[in-house]
Every structure is written in structure tokens, then in C-alpha cells.
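Take a look at the structure set out below.
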Protein chains: 2
Amino acid sequence: MARKVSRRGGNIVTIHDVARHVGVSPMTVSRVINGEKNVREETRKKVAEAIEALNYSPNMAARSLASQDSSRIALIYSNPSMSFLSELLLGILHQSSQSGCQLIIESCEGPEGVADVLDKLKSLGVDGVVLPPPLSDSTRVAKALREMGLPFVGVATSRPSPDAASVSIDDFKAAFAMTQRLIALGHRRIGFIKGHPNSYYSQLRHEGYIAALTKAGLTPEDKLVGQGYFTYRSGFDAAESLLMRDERPTALFASNDDMAAGAVASAHRLGLDVPKDVTIVGFDDTSMASSVWPELTTVRQPISDMASLGLKMLLEQIRTRRSGQPYAPVHEIRDFAIIERQSSSPPGEDATD
Amino acid sequence: MARKVSRRGGNIVTIHDVARHVGVSPMTVSRVINGEKNVREETRKKVAEAIEALNYSPNMAARSLASQDSSRIALIYSNPSMSFLSELLLGILHQSSQSGCQLIIESCEGPEGVADVLDKLKSLGVDGVVLPPPLSDSTRVAKALREMGLPFVGVATSRPSPDAASVSIDDFKAAFAMTQRLIALGHRRIGFIKGHPNSYYSQLRHEGYIAALTKAGLTPEDKLVGQGYFTYRSGFDAAESLLMRDERPTALFASNDDMAAGAVASAHRLGLDVPKDVTIVGFDDTSMASSVWPELTTVRQPISDMASLGLKMLLEQIRTRRSGQPYAPVHEIRDFAIIERQSSSPPGEDATD
DNA sequence: CAGGCGAGTGATAGCGCTACCATTCACAGA
DNA sequence: TCTGTGAATGGTAGCGCTATCACTCGCCTG
């Protein structure tokens with residue numbers, strides 16, 4: 001064997017190769033890669049070009065070994081929606097491969113499961129934890145983590161713990177915006193299906209709905225509001241009673257997509273066309289929203305972004321703590337988006353006009 | 001600073017600590033960790049105990065750096081169901097953290113997107129690719145990968161490329177089993193909703209259905225079979241025409257969950273109760289299956305297992321290839337499971353009896 | 001013009017682990 | 001007895017990168 005031909009089909013471009021190519025030391029290349037200052041602009045540019053030319057890409061293993069910066073981050077979840085999970089994972093994965101941190105994914109079922117999982121994390125020597133809902137809203141989990149001295153970040157949490165970092169959207173504002181959108185479409189009798197009373201964002205979303213109506217000079221009416229529990233079935237039932245009123249609403253805003261889908265089924269059952277006879281919109285933009293027919297207009301959270309940002313914040317928090325500095329928790333709010341699909345239209349019209 | 005206190009809360013137990021604790025060389029500990037032979041059983045045991053006692057856990061970065069074994073694996077996907085994706089990711093993630101390989105997740109949209117993504121993979125120096133459906137069934141993608149000389153593995157593929165590795169379930173057998181289950185429940189007029197004609201497993205599932213009927217002495221009838229396209233809407237439409245026949249089927253087997261959900265909606269629209277008036281079952285066990293009401297009886301693939309195994313096989317393939325040995329592609333078949341939920345029952349009965 | 005300073009760069013020494021070879025030892029066959 | 005062999009272990013040298021400190025300038029200050 002004449003030369004070392006190794007993994008990745010011989011594609012072993014190292015920092016040294018880049019350095020030699022430019023005529024600087026490996027250190028300088030390292031500095032450029034890590035965006036450190038104290039590198040002349042001219043040098044930086046030459047190095048960047050060489051990196052491009054040689055198609056160099058840093059070896060994560062070596063990097064985190066040398067920098068002692070390899071953090072172990074756990075993501076623990078307890079039955080979130082699968083589509084939520086997958087977006088979350090995508091975001092987390094993206095960020096973790098950029099930051100070169102090791103990821104541990106754990107599912108925990110039930111309230112005692114959490115304790116077990118936390119024990120496990122401790123023995124695994126985890127450095128920080130990412131918490132998606134519903135765990136992100138659990139004061140119990142937050143407390144346990146705090147007692148263990150483990151940094152954590154809540155992603156898409158409706159009730160951020162004031163002393164822990166979080167990334168979320170403004171549920172109130174989102175519900176407000178969606179309601180406004182319905183009003184702009186020409187709807188005046190807009191029904192609402194609440195989420196599970198346990199959950200704080202049920203309340204926020206409801207409040208957003210009320211606020212938008214009020215602001216538009218419409219009177220919120222209790223009889224236009226149904227109680228749901230975030231399930232398809234509960235949406236079905238709530239919609240049924242709402243739609244069987246004499247003066248039925250021309251639009252229905254469900255607090256999540258599953259309930260909206262149930263509401264669509266209910267409307268169909270009653271012989272009503274969606275959106276011609278009744279507009280139905282959801283919240284979350286889960287896969288359900290685009291699976292049913294007609295596809296649901298809904299509110300979308302940038303889950304992947306939020307997760308990615310959350311991990312970044314967590315890593316920063318860990319770094320800050322390690323350096324002994326105090327850490328002030330950051331609460332980031334991301335923008336939501338209203339996704340218009342086929343389940344909404346002006347009252348009495350088809351969506352496709 | 002008296003001693004080096006570093007990441008993971010000072011939990012810097014290295015292989016040397018373990019070695020010292022036992023009184024052997026680090027090499028021996030390394031051998032134990034990697035399950036190599038040529039270590040006396042007694043030594044192995046002592047080392048294992050020390051590992052346990054010191055709560056040692058190997059540093060992945062160092063390991064993959066030293067062993068030059070760090071493979072970059074890409075997972076490329078193109079709009080699979082999100083819940084499928086998340087299970088897949090869970091499995092892959094689990095395996096990758098065990099094998100210490102770097103993961104790159106890429107989405108590719110459309111047929112030209114694939115080419116772009118493959119280019120990107122090439123420039124990233126990827127060592128292997130995991131292909132979930134529908135990419136796993138694309139002969140075009142398989143061909144491109146082969147031309148690049150990149151090892152790959154298809155996960156949940158219905159048409160494994162004979163010269164590439166794959167993990168899947170037996171779609172035929174699964175459809176066969178589900179149909180048998182319906183027959184065992186007492187159904188005799190069992191309708192079937194086919195999937196998209198493009199897709200090979202549409203065909204396999206259909207054939208499984210036919211075979212089971214035949215085996216039970218029932219005559220497959222064309223008028224009990226509807227054409228669908230894997231969408232909710234197509235399931236709705238197909239079910240509608242099937243259920244409006246004079247002699248309507250007492251059970252409907254849809255080739256996936258979205259169509260089954262559409263079929264349920266259609267039944268409801270026609271005033272039929274599920275499962276009392278008609279049993280409806282799906283395939284895949286996506287989140288749709290447990291979101292709708294009644295929840296769907298369906299066929300479940302062990303996606304997470306399949307993904308995990310697939311990655312393992314891929315890694316092995318890469319290792320084999322690197323060592324210059326020829327690689328014989330392996331086709332693994334995993335077991336499916338029939339998940340009974342509320343959408344099925346004996347004809348004319350409620351599921352809950 | 002000595003002295004100081006800070007920007008830009010290089011040399012060196014590992015990070016924790018494993019590949020590879022050397023070494024030891026026991027025991028079989030000549 | 002002398003190799004030969006293979007099993008069990010240890011020593012050494014890095015893997016690709018970065019922390020750290022040392023160094024060289026040019027330029028400012030007194």
C-alpha cells in the first residue's frame with residue numbers, strides 16, 4: 001500500500017492540506033473556520049477560497065475532541081404528535097450536526113417515567129436537556145431539572161419558566177391573527193372550539209380569538225364557543241352542536257388540527273360543504289391538516305427553526321455556565337404563519353375562486 | 001485552578017482511569033469496550049466492573065477520530081409522511097449514536113431535486129445513504145447512487161434492488177394476514193381500496209388481499225375493489241362508490257391509513273356507523289390511524305427497528321467495502337403487526353363487545 | 001529612540017481513543 | 001531442548017483539530 005487511502009473514498013482533506021495550499025499555518029485556517037477575529041481580511045479570503053477549492057469539510061470528531069466542547073444533549077419527549085416530533089428532530093439534528101454535539105433521544109411515558117429518564121440522564125452525564133411540549137410546560141420537570149443543576153430549554157412552550165430559556169410562538173397573537181383573517185374574509189359569526197382545559201395554550205388561543213372579535217367590534221358569544229379536548233372526536237362533537245344551531249356560524253376556528261379535522265367530518269355528516277357552507281380552520285399545521293380533504297387552513301409554528309434555535313441557546317447556556325459566568329435565561333418568540341389551504345373562503349363561496 | 005475540571009460536570013472518566021483502577025493497560029480496556037476477543041474472561045469481567053463502578057462512558061469523538069471509522073451517513077427523503085419520518089429518525093438516531101456515525105439529513109423535492117442532493121452528498125464526502133420510501137423504490141436514485149459508487153440501503157422498500165441492501169416487511173403477507181383477520185371476524189364481502197398504481201406495494205397489497213380471499217374459498221370480485229391514490233380524498237371517493245352498491249361490503253380494507261380515514265368519513269356521510277355497519281381497516285399505522293375516530297385497525301411496520309437495522313447494515317457494508325472485500329447485499333424482512341383498534345368488528349356488531 | 005502594545009500569525013502540545021506492532025508466556029511438536 | 005505458535009497484554013504513535021503561548025511586526029507614546 002503506497003499511501004494511506006482511507007475512509008470517505010480517499011477524500012481526506014485536512015486542515016493541513018488547506019494550510020499548505022494557501023501557505024499559512026493550520027492554526028490560521030482553524031481561525032478562519034471558526035470565524036475568529038484577528039485574521040487579516042486578505043488571509044481570510046484566501047483560506048476561504050482554498051477551502052472551497054479543496055472541498056474541505058472539518059472533521060467533527062477531531063474538532064470536538066480538541067475543543068473539549070462536546071456536549072451531550074438529551075431530548076426527552078412524551079407522546080407529542082409524531083409530525084411535531086419529526087419536525088423537531090429535523091431542526092435539532094440540523095443544529096447538532098453544526099454544533100457537533102451528541103444527541104440522546106429519550107421517550108418517557110407517564111409521570112413516573114420522567115423520574116426514571118432523568119435518573120438515566122444523570123448517569124449518562126448529560127449536559128443539557130431540550131424539552132418539547134407537553135414536558136416543556138411541566139413545572140414538575142422544570143423543578144427536577146433545576147434541582148439536578150441541569151440546564152434546559154423549552155421549545156414551543158406556552159408557559160415558559162421565568163428562570164429557564166425558551167423558544168415559542170405567541171399563541172395569543174396567532175389566534176388573534178387567524179381570527180382577524182376570518183373576519184377579513186367576511187365572516188361575522190365565527191365559532192370557536194376550545195382545547196383541553198388543562199392546557200395553558202388552550203386558554204391563550206381562546207383569548208386571542210376573543211380579543212380579535214372584540215377589536216373588530218363583534219360581540220363574543222358563549223354559544224359560539226364549544227369545549228374540545230384536542231382530539232378529533234371532541235372536535236367532531238363540538239362542531240356538531242355548533243353547526244346544528246339555527247343561526248349556525250359561517251366559520252369555525254378549532255384550537256388544533258385534529259379537532260378541525262373532526263369538525264370537517266361533522267360538517268360533512270350534516271351535509272354541509274367545506275368551505276362553501278362553512279369555513280373551518282385549525283391550529284398547528286400537523287400532518288393531519290394536509291391529509292384531510294379539504295386540506296386545512298391553519299396556523300403554522302416554525303417548529304424546526306424553534307428547535308434549532310433552542311438547541312443553540314442551550315449550548316450557549318452550557319458554555320456560559322462552564323465559564324462560571326451567570327446565565328440570564330432568554331425567551332425567544334418566533335413568528336408563526338397562517339397557511340391558507342382549501343378549508344377557508346369568504347362566507348357562501350368556494351375557496352377556489 | 002487546582003485540577004482540570006471540564007465538561008460534563010467534572011465527569012471526565014477516561015479509559016485511563018478505568019485502566020488504572022483495574023491495573024491493566026488502556027488498550028485492554030479498549031478491547032473490552034469493543035468486545036474484541038483475546039481478552040481473558042477474568043480480565044474482561046474486572047474491567048466491566050470498573051467501568052460500571054466509575055460510571056465510565058466512552059468519548060465518541062475520540063473514538064471515531066482514532067478509529068478513522070467515522071462514517072458520514074446521509075438520510076435523504078422526499079415528502080414521506082411526517083409520522084413515518086419521525087419514527088425513522090428515532091431509529092436512525094438511536095443506531096447512529098451507538099455506532100458513532102455522523103448523520104446528515106437532506107430533503108429533496110421533485111425529481112431534479114434528487115440530482116442536486118446527490119451532488120451535495122458527493123461534495124460532503126458522504127459514505128453511505130439511507131433511503132426511505134418513496135426514494136427507496138426509485139430505480140433512478142438507485143442507479144445514480146450506484147454510479148457514484150455510494151453504498152446505500154433501502155428501508156421499507158417494496159421493490160428492493162437486488163444488488164443493494166434493504167430492510168422491509170412483506171407487504172403481500174401483511175395484506176394477506178389482515179384480510180384473513182377480517183375473514184376470521186366473519187366478514188365475507190370485503191372491499192378493497194387500491195393504492196396509487198405507480199407504486200409497487202399497491203400491487204403487493206392487492207395481491208395479498210386476493211390471495212387471502214381465494215385461500216378462504218371466497219371469490220375475489222372486481223366490483224368490490226376501488227382505485228385509490230393513497231390520498232384521503234381518493235379513499236373517500238372510492239369508499240363512497242363501494243358503499244353505495246346494493247350489496248355493500250361489510251368490511252373495507254384500504255391500502256393505507258389516509259384512504260382508510262377518508263373511507264370512514266365517507267361512511268359517516270352515508271349515515272353508516274363504523275364499525276357497526278361497516279368495518280374499515282388501513283395500512284401503515286401512521287398518526288392518522290390513531291387520530292381519527294374511531295381509531296383505525298391497521299397494519300404496523302416496525303419502522304424504527306427497520307431504520308436502525310438498516311443503518312447497521314449500511315455501516316457494515318461500508319466497513320466491508322473499505323476492507324476491500326466483496327459485499328453481498330442483504331435483504332432483511334421484519335415482522336409486521338396487526339393493530340386492532342375501534343374501526344373493526346364482526347359484521348353487524350359494535351367493536352366494543 | 002526605548003519601551004509598550006496589540007494585531008496577526010506560527011509552533012507545540014495535547015484531547016481520548018485505537019491501529020499496529022512488540023512482548024510475554026504457555027504449551028505443542030520436532 | 002529448541003523452536004513455533006497463538007493467546008493475552010502492553011507500548012507507541014498518531015487520528016484532525018484547537019488552546020495556549022510565543023513570536024514578529026508596525027505603530028504609538030513619552
Side-chain angles (χ1 to χ4, degrees), chain A residues 1 3-8 10-20 22-47 51 54 56-72 99-100 102 125 319 322-323, chain B residues 1 3-8 10-20 22-47 51 54 56-72 99-100 102 125 319 322-323:
Chain A
M1 187 161 61
R3 70 166 55 230
K4 183 162 52 182
V5 174
S6 117
R7 82 231 139 73
R8 295 215 269 285
N11 171 29
I12 22 168
V13 187
T14 75
I15 206 171
H16 289 88
D17 299 317
V18 178
R20 206 171 324 117
V22 183
V24 295
S25 81
M27 241 354 270
T28 302
V29 178
S30 171
R31 289 195 178 94
V32 173
I33 294 167
N34 293 293
E36 283 172 37
K37 49 190 182 236
N38 287 2
V39 178
R40 225 185 326 151
E41 195 46 49
E42 188 192 328
T43 316
R44 179 186 307 279
K45 203 175 150 199
K46 275 196 296 187
V47 170
I51 288 175
L54 296 179
Y56 164 78
S57 102
N59 179 322
M60 274 307 173
R63 193 201 279 238
S64 58
L65 180 59
S67 62
Q68 294 291 294
D69 193 23
S70 79
S71 304
R72 275 206 253 250
S99 316
Q102 191 183 339
R319 223 169 293 130
R322 271 186 197 152
S323 70
Chain B
M1 189 159 62
R3 71 164 55 230
K4 184 159 52 180
V5 174
S6 118
R7 82 232 140 71
R8 296 216 269 283
N11 170 29
I12 25 168
V13 186
T14 76
I15 206 172
H16 289 89
D17 299 317
V18 178
R20 206 171 325 117
V22 183
V24 295
S25 81
M27 251 340 281
T28 302
V29 178
S30 171
R31 289 197 178 93
V32 173
I33 294 168
N34 294 294
E36 283 173 35
K37 49 191 183 235
N38 288 3
V39 178
R40 224 183 328 151
E41 195 47 49
E42 187 193 330
T43 316
R44 180 187 304 280
K45 203 175 151 201
K46 276 195 295 184
V47 170
I51 287 176
L54 297 178
Y56 165 78
S57 104
N59 179 322
M60 274 305 174
R63 191 200 278 236
S64 59
L65 180 59
S67 62
Q68 293 293 295
D69 192 24
S70 79
S71 304
R72 277 205 253 248
S99 315
Q102 191 184 341
R319 225 169 293 129
R322 272 187 197 151
S323 71

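Naming: A, B, ... by sequence-line order, numbering from 1 per chain. Note that the coordinates shown come from a computational prediction; the quantities given were computed from them, not determined experimentally.
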Discussion item. Within the structure provided, determine whether A:Thr14 and A:Asn59 are in side-chain contact (heavy-atom separation under 4.5 Å).
Written reply: no

Worksheet entry | N or O in side chain of B:Ser30 less than 4.0 angstrom from C:dT18 OP1/OP2 | yes

Discussion item. Let's see if you can work this out: which of D:dG10, D:dC17, C:dG8 has an atom nearest to the side-chain heavy atoms of B:Thr28?
Written reply: D:dG10

Worksheet item: Is a donor-acceptor pair below 3.5 Å formed from side chain A:Arg44 to base C:dG8, judging by atom type as modelled?
Response: no

Worksheet item: Looking at the side chain of A:Arg40, which of C:dG8, C:dC17, C:dG10 is the nearest nucleotide?
Response: C:dG8

Item to complete: Identify which nucleotide among D:dT9, C:dG16, D:dG10 has an atom closest to any side-chain atom of B:Ala66, counting heavy atoms from C-beta outward.
Response: C:dG16

Worksheet, complete the sentence: Rounded to whole Å, CG of B:Leu65 lies from P of C:dG14 at a distance of 17 Å

Practice prompt. Name the nucleic acid region contacted by B:Thr43, choosing base, sugar-phosphate or nothing; use a 4.0 angstrom heavy-atom cut-off, strictly under.
Written response: sugar-phosphate

Worksheet, complete the sentence: Which of A:Val32, A:Ile15, A:Ile33, A:Val39 passes side chain to side chain contact (heavy atoms under 4.5 Å, CB included) with A:Val47? Answer is A:Val32

Fill in: Partners meeting side chain to side chain donor-acceptor pair (under 3.5 Å) with A:Arg63 (sequence neighbours left out)
A:Asn34

Worksheet item: Rounded to whole angstroms, how far apart are CD on A:Glu36 and P on C:dG6?
Response: 18 Å

Worksheet item: Salt bridge check: are A:Lys45 and A:Glu42 linked by an N-O gap of less than 4.0 Å?
Response: no

Fill in: Nucleotide C:dT9, atom P - distance to CD1 of A:Ile15 in whole Å
15 Å

Discussion item. Counting only side-chain heavy atoms from C-beta out, which of C:dG10, C:dG16, C:dT18 sits nearest to B:Asn34?
Written reply: C:dT18

Fill in: Atom pair distance, as rounded to whole Å: NE2 in B:His16 and P in C:dC17
8 Å

Worksheet item: Taking the side chain of B:Ser67 as heavy atoms from C-beta outward, which of D:dA19, C:dT18, D:dT9 is closest to it?
Response: C:dT18

Worksheet item: Rounded to whole angstroms, how far apart are CD on B:Gln68 and C1' on C:dG16?
Response: 14 Å

Practice prompt. Please determine, for the side chain of B:Asn38, which listed nucleotide (D:dT9, D:dC17, D:dC21) has the closest atom?
Written response: D:dT9

Worksheet item: Is there side-chain contact between B:Val22 and B:Val29, with at least one heavy-atom pair below 4.5 Å?
Response: no

Worksheet item: At how many degrees, to 10°, do the end axes of the helix from C:dC1-D:dG30 to C:dA30-D:dT1 meet when each uses five pairs?
Response: 50°

Fill in: Length of the OH-P vector between A:Tyr56 and D:dG16, whole Å
10 Å

Worksheet item: To the nearest Å, how far apart are B:Asp17 CG and C:dG16 C1'?
Response: 11 Å

Worksheet item: Going from OG1 on B:Thr28 to CG on B:Asn38, what distance comes out if it is rounded to the nearest 0.5 angstrom?
Response: 11.0 Å

Worksheet item: Is the backbone of A:Met60 close enough, under 3.5 Å, to the side chain of A:Ser64 for a donor and an acceptor to pair up by distance?
Response: yes

Item to complete: May I ask you to evaluate whether A:Ser25 reaches the phosphate of C:dG10, defined as a side-chain N or O under 4.0 Å from OP1 or OP2?
Response: yes

Practice prompt. Report the residue (B:Met27 or B:Ala62) whose heavy-atom-nearest nucleotide on DNA chain D is the more 5′ of the two.
Written response: B:Met27

Worksheet item: Between C:dC15 atom C1' and B:Met60 atom CE, what is the distance in whole Å?
Response: 17 Å

Worksheet item: So, B:Ser57 versus A:Arg72: side-chain donor-acceptor pair below 3.5 Å or not?
Response: yes

